[in-house]
Amino acid sequence: IEYPNNEHSQMTDNDGVSPIHWASLNNRLTAVEFLIHNQFDPDISGGDLNATPILWAARYGLVYIVDKLIVKGHVRTDTLDSTGVGILHAAVFSSNALMVAYILKMIDGIDVDFQDLNGRSALHWAAYQGDHLTVELLINSGAKLDLQDEQGFTAIHWAMVNGSSKSIQLLVNSGSDINLATSDGKTCWTVASDMNFTEQWRKILALC
């Protein structure tokens, strides 16, 4: 099937969501390729977060869809949604380490320390989610360990909130500053106490 022109390229529903958004979200690889071939705009933004199809696909860890949009659709990979989330953050939200690895490998010049509107980097979010595989990937890609968000939290503070022992151990062994305080003066020890995590924290430090 061929469309005679690109009159359908901006077709959307009332929320600004296009067919290529839905095909991407539902992991319909053939449909995505068909829509790209027929000049549907793969960079159109829509939905509650005003996000592009690649951000939708990355957020759900759909590696093949993201690859198709990049390789066949030649989409922009530097767009942000309305919350300041870009492609790397979206990939981290999926908790799919393969999705994160793809983004880090395939997108030249990706800023591993890019911060969203709350000052949180991909490493902050991975630590908060307790996703130790992604934490390790980001550390190995040069992510700054002691980057602070708007609250002064670093990745290890967020890992303490989650209680992810593996993530915390990775961050300690990689050289995170365990004495760095948040904006309201909380160190890792304070957060551990707040989260009833002090005994586990002592064991992690002993292991490290």
Study note, to complete from the structure: Separation between OG (S176) and CG (L123), nearest 0.5 Å, reads 7.5 Å
Review point. Hey, quick one: are V63 and L29 part of the same hydrophobic cluster, counting side-chain heavy atoms closer than 4.5 Å, chains of contacts allowed?
Key: yes
Point to revise | Check: H21/S18 side-chain N/O donor and acceptor closer than 3.5 Å | key: yes
**Study point:** Pairwise side-chain hydrogen bond (donor to acceptor under 3.5 Å, both in side chains) hits with a residue in residues 151-166, at least two apart
**Key:** R120-Q151, D149-W158, T154-H157, S164-S167
Exercise for review: Only pairs at least two apart or in different chains count here, so list each salt bridge (Lys or Arg N to Asp or Glu O under 4.0 Å) that has a residue in residues 45-61.
Suggested key: R59-D81
Point to revise | Pairs meeting criterion side-chain hydrogen bond (donor to acceptor under 3.5 Å, both in side chains) with involvement of residues 121-131, two or more places apart | key: S95-Q129, D116-W125, S121-H124, D131-T134
Exercise for review: Look at the side chain of S141 and the backbone N and O of L137, then say whether any donor-acceptor pair between them is shorter than 3.5 Å.
Suggested key: yes
Review point. Just by distance, do the side chain of Q200 and the backbone of A192 share a donor-acceptor pair under 3.5 Å?
Key: no
**Study point:** Residues in side-chain contact (heavy atoms from CB on, under 4.5 Å) contact with D184, at least two apart in sequence or another chain
**Key:** T182, K186
Exercise for review: Assess whether atom OH of Y60 is packed by more than 12 heavy atoms of other residues, nucleotides or ligands within 6.0 Å.
Suggested key: no
Point to revise | Value rounded to 0.5 Å, distance of SG in C188 from CD1 in I178 | key: 6.5 Å
Point to revise | Residue pairs fulfilling salt bridge (Lys or Arg N to Asp or Glu O under 4.0 Å) with at least one residue in residues 196-206, sequence neighbours excluded | key: none
Revision key, fill the gap. Residues S174 and I139: closest non-hydrogen pair is OG-CG2, 3.6 Å
Check your understanding: CG of D113 to CG of L147: how many Å apart, nearest 0.5 Å?
Key -> 5.5 Å
Review point. What side-chain hydrogen bond (donor to acceptor under 3.5 Å, both in side chains) pairs are there with at least one residue in residues 98-109, not counting sequence neighbours?
Key: D67-Y102
Study note, to complete from the structure: Between the CD atom in E33 and the CD1 atom in I20, the distance rounded to the nearest 0.5 Å is 11.0 Å
Check your understanding: Is it true that a side-chain atom of T190 and a backbone atom of T187 form a donor plus acceptor pair closer than 3.5 Å?
Key -> yes
Point to revise | Joint hydrophobic cluster, I110 plus V112, side-chain heavy atoms closer than 4.5 Å | key: yes
Exercise for review: Enter the distance from N50:CG to S45:OG here, rounded to the nearest 0.5 Å.
Suggested key: 4.5 Å
Point to revise | Identified side chain to side chain contact (heavy atoms under 4.5 Å, CB included) partner of F114 from the options I87, L80, L88 | key: L80
Point to revise | Separation of I65 CD1 from W56 CH2 (nearest 0.5 Å) | key: 13.0 Å
